[in-house]
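Per chain, numbering begins at 1; letters A, B, ... match sequence-line order.
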Amino acid sequence: MLDSKIIRERTELLNESLRKRGVSFDVEALLKVDEKRRMLIKETERLKNEKNKLSDDIARLKKAGSDTKDYITHLKDIGKRIGELDQELRQTEKQWDDMMLIIPNIPHTSVPEGTTEEDNKVVRIWGEKPAFDFEPLPHWDIGERLDILDFKRAAKITGSRFTLYKSFGAQLERALINFMLDLHTREHGYTEVLPPFMVNRQTMTGTGQLPKFEDELFRLDGIDYFLIPTAEVPVTNIYSNEILIEDELPIKFVAYTPCFRKEAGAHGKDTRGLTRQHQFNKVELVKFSLPETSYDELEGLLLDAEDVLRRLNIHYRVSLLCTGDLGFSSAKTYDIEVWLPGQNIYREISSCSNFEAFQARRAMIRYKKTNGKNEFVHTLNGSGLAIGRTVMAVLENYQNQDGSITVPEVLRPYMNGLERFYK
RNA sequence: GGAGGGAUGGCUGAGCGGCCGAAAGCGGCGGUCUUGAAAACCGUUGGGCGUUUACGCGCCCCGUGGGUUCGAAUCCUACUCCCUCCGCCA
């Protein structure tokens, strides 16, 4: 959520932001509702003030044994009027809230303007495309040949966009989770948390998934809980409605969770392999930062995520998302795109964002400054990394001509020292 | 699932329907004292919203929502969460 002051006092900044993002929103209507809302607040508060004063008078008069009948009649009238106005105010505030909650964050000035991912800017390339003296296969072929990824049976068990991992496949998934958690906790200073995988509506609203993106979420029947689409949701909300202490910041968490997404808008897209699943694993990095250092923290977070691929020795590039490709809650996002030789493409494997105070304002996450004032923290997060997509990357980059897979060195301690997997 | 108990400020814990945003203690912060620290003493110490250049002023918040009343932390009601015991259970 944006600061309501920005909307009133810096309307042109908001309009500019909406234009750059390619989002249409009736700012004028919001301003009208806002004015009505504030007018009603003023009027009800004036009446309540009168009511409080008269009530005190009655208490005093009763003590003195005087007659209070006229006062009480008058107060009844005021009470009735307050009731009416309060109801109108509640409706207006609901309208105001509904509008405020669907306005996207304002992009940072360093974000390039653009409409599609074509306009994203590559800011860094690490490593290089490996040379193969044979035609490298896409991971779905590798997975089926080695009998480690079973898409057909997963479809039978549940439906499309699910995968049954077997033997080396399941172990590789598990090894990557542990490798990433160990790397981030031991070397990058993150504290590991294991949060609930279902959250309530308020939590989903806090990070920005609701109210706008409900159709992307799996919702439980009979109780208003949702399966998390990313660990960002429960982990960022760890401190909702809390006031942190300036000295404690930054706070850094890493969490492994499965993620559940409907992928409603992706019919027919990425239907093969592990790329786009309804359920996938992810190790997520989350930071709570001081506002003045949050962009440095973003660069650090990005490097922490990149470090996973560097240690796996897999070629990737980093893109800075343009305004049109930027997520709803984010002010600035870098994507890490891993090289997949079997498909001859770069594929997003991590998304690292600074949300500034956008989520903190929704979730009420503040910190007490040393001068005693409370302020919203900045929240950040990034995949460190998406596990399924890392499995894709390992399989495609480490495949051998004989169909075997070389185990990346850093993963061997997590796989009983296995160096190479044959069927 | 059944039975009972509870929810008040950072924490502990009082609170007759009007004088309660709320006693007291602890903690925190500032000060006196001290070479320094501790102790002691004095002072101070929640949040949201609206308004204001600002000082300030006003409204709201005692788990959440509704109700009774001229007036609710206090009465009624529904819900949520926590604790204890029983049952079931990974």
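One can place NZ of Lys48(A) at 18 Å from P of C70(B), the figure rounded to the nearest angstrom. What separates NZ of Lys51(A) from P of G58(B) is a distance of 16 Å, to the nearest Å. Atoms CG (Asp77(A)) and P (G71(B)) sit 12 Å apart, rounded to a whole Å. Between the P atom of C60(B) and the CG atom of Leu47(A) lies a distance of 12 Å, rounded to the nearest Å. Note: CD (Gln202(A)) to P (U80(B)) measures 16 Å, nearest angstrom. The CG-C1' distance, from Asn241(A) to C61(B), rounds to 13 Å in whole Å. Rounded to an integer number of Å, the gap from Leu61(A) CG to G71(B) P is 16 Å. Taking atom CD of residue Gln87(A) and atom P of nucleotide G67(B), one finds them 10 Å apart after rounding to whole Å.
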Under 3.5 Å between N/O atoms: give me all the protein pairs with nucleotides 48-52 of chain B, atom names plus distance.
unit_1	atom_1	unit_2	atom_2	d
G48(B)	OP1	Arg366(A)	NH1	2.6
G50(B)	OP1	Arg37(A)	NH2	2.9
U51(B)	OP1	Arg38(A)	NH1	2.8

Please tabulate, one pair per line, each protein N/O and nucleotide N/O from nucleotides 15-18 of chain B that are separated by under 3.5 Å, including the distance.
unit_1	atom_1	unit_2	atom_2	d
G18(B)	O6	Lys62(A)	NZ	3.2

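Separating the C1' atom of U74(B) from that of C20(B) is a span of 10 Å, rounded to the nearest Å. Nucleotides A73(B) and A22(B) place their P atoms 12 Å apart, quoted to the nearest Å. Between U12(B) and C83(B), the two P atoms lie 14 Å apart (nearest whole Å). As rounded to the nearest Å, C19(B) and G71(B) have P atoms that lie 14 Å from one another. Across the P atoms, U8(B) and A23(B) are found 16 Å apart, a figure rounded to whole Å. Between G48(B) and A90(B), the distance separating the two C1' atoms is 43 Å to the nearest Å. To the nearest whole angstrom, the two P atoms, one in C33(B) and one in G47(B), are 31 Å apart. Here the separation of G21(B) from G30(B), taken at their C1' atoms, is 23 Å to the nearest Å.
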For residues 224-236 of chain A, tabulate all N or O donor-acceptor pairs below 3.5 Å that involve a side-chain atom, not counting sequence neighbours.
unit_1	atom_1	unit_2	atom_2	d
Asp224(A)	OD1	Arg201(A)	NH2	3.2
Asp224(A)	OD1	Arg219(A)	NE	3.1
Asp224(A)	OD2	Arg201(A)	NE	2.6
Thr230(A)	OG1	Glu232(A)	N	3.0
Thr230(A)	OG1	Lys282(A)	NZ	2.8
Glu232(A)	OE1	Asn381(A)	ND2	3.3
Glu232(A)	OE2	Gln359(A)	NE2	2.9
Thr236(A)	OG1	Glu232(A)	O	2.7

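Of the side-chain N and O atoms in Asn49(A), none sit less than 4.0 angstrom from OP1 or OP2 of G58(B). Side-chain nitrogen and oxygen atoms of Asn52(A) include none within less than 4.0 Å of the OP1 or OP2 phosphate oxygen of G71(B).
Among residue pairs with one or both ends in residues 264-275 of chain A, those qualifying as salt bridge (charged side-chain N to carboxylate O under 4.0 Å, His left out) are Asp270(A)-Arg276(A), Asp270(A)-Arg347(A); sequence neighbours excluded. For the side chain to side chain donor-acceptor pair (under 3.5 Å) condition, the pairs that include at least one residue of residues 182-193 of chain A, sequence neighbours left out, are Asp182(A)-Tyr414(A), His184(A)-His188(A), Glu187(A)-Arg311(A), His188(A)-Asp307(A), Tyr190(A)-Asp304(A). Screening residues 150-173 of chain A for ring pair (Phe, Tyr, Trp, His ring centres under 6.0 Å), with sequence neighbours left out, gives Phe162(A)-His278(A), Phe168(A)-Phe421(A).
A search for side chain to side chain contact (heavy atoms under 4.5 Å, CB included) contacts involving Arg412(A) returns Thr406(A), Val407(A), Glu409(A), Glu419(A), not counting sequence neighbours. With sequence neighbours left out, Phe288(A) forms a ring pair (Phe, Tyr, Trp, His ring centres under 6.0 Å) with Tyr239(A). A search for ring pair (Phe, Tyr, Trp, His ring centres under 6.0 Å) contacts involving Tyr295(A) returns His108(A), not counting sequence neighbours. Residues forming a side chain to side chain donor-acceptor pair (under 3.5 Å) with Ser240(A) (at least two apart in sequence, or on another chain): none. Remark: Lys62(A) engages Ile58(A), Thr68(A) in a side chain to side chain contact (heavy atoms under 4.5 Å, CB included) (not counting sequence neighbours).
Ring-centre distance between Phe358(A) and Phe328(A): below the 6.0 Å cut-off.
Counting non-hydrogen atoms under 4.0 angstrom, Lys368(A) reaches the backbone sugars and phosphates but no base.
Lys166(A) and Asp147(A) are joined by a salt bridge, as a carboxylate oxygen and a charged side-chain nitrogen come within less than 4.0 angstrom of each other. Residues Asp34(A) and Arg38(A) are paired through a salt bridge, judged by an N-O separation under 4.0 Å between the basic side chain and the carboxylate. Look at Lys32(A) and Glu35(A) and you find no salt bridge, because none of the NZ, NE, NH1 or NH2 atoms lies under 4.0 Å from a carboxylate O.
Summary of the strand contacts: Glu50(A) and Arg90(A) both lie near RNA chain B, and taking for each the nucleotide with the nearest heavy atom, the more 5' one is attributed to Glu50(A).
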Practice task
Taking Watson-Crick and G-U wobble pairs with both distances under 3.5 Å, convert RNA chain B into its dot-bracket string, 5' to 3', dots for unpaired and | for cross-strand pairs.
Solution key: (((((((..(((.....[.....)))((((((.......))))))((((((....)))))).(((((..]....))))))))))))....
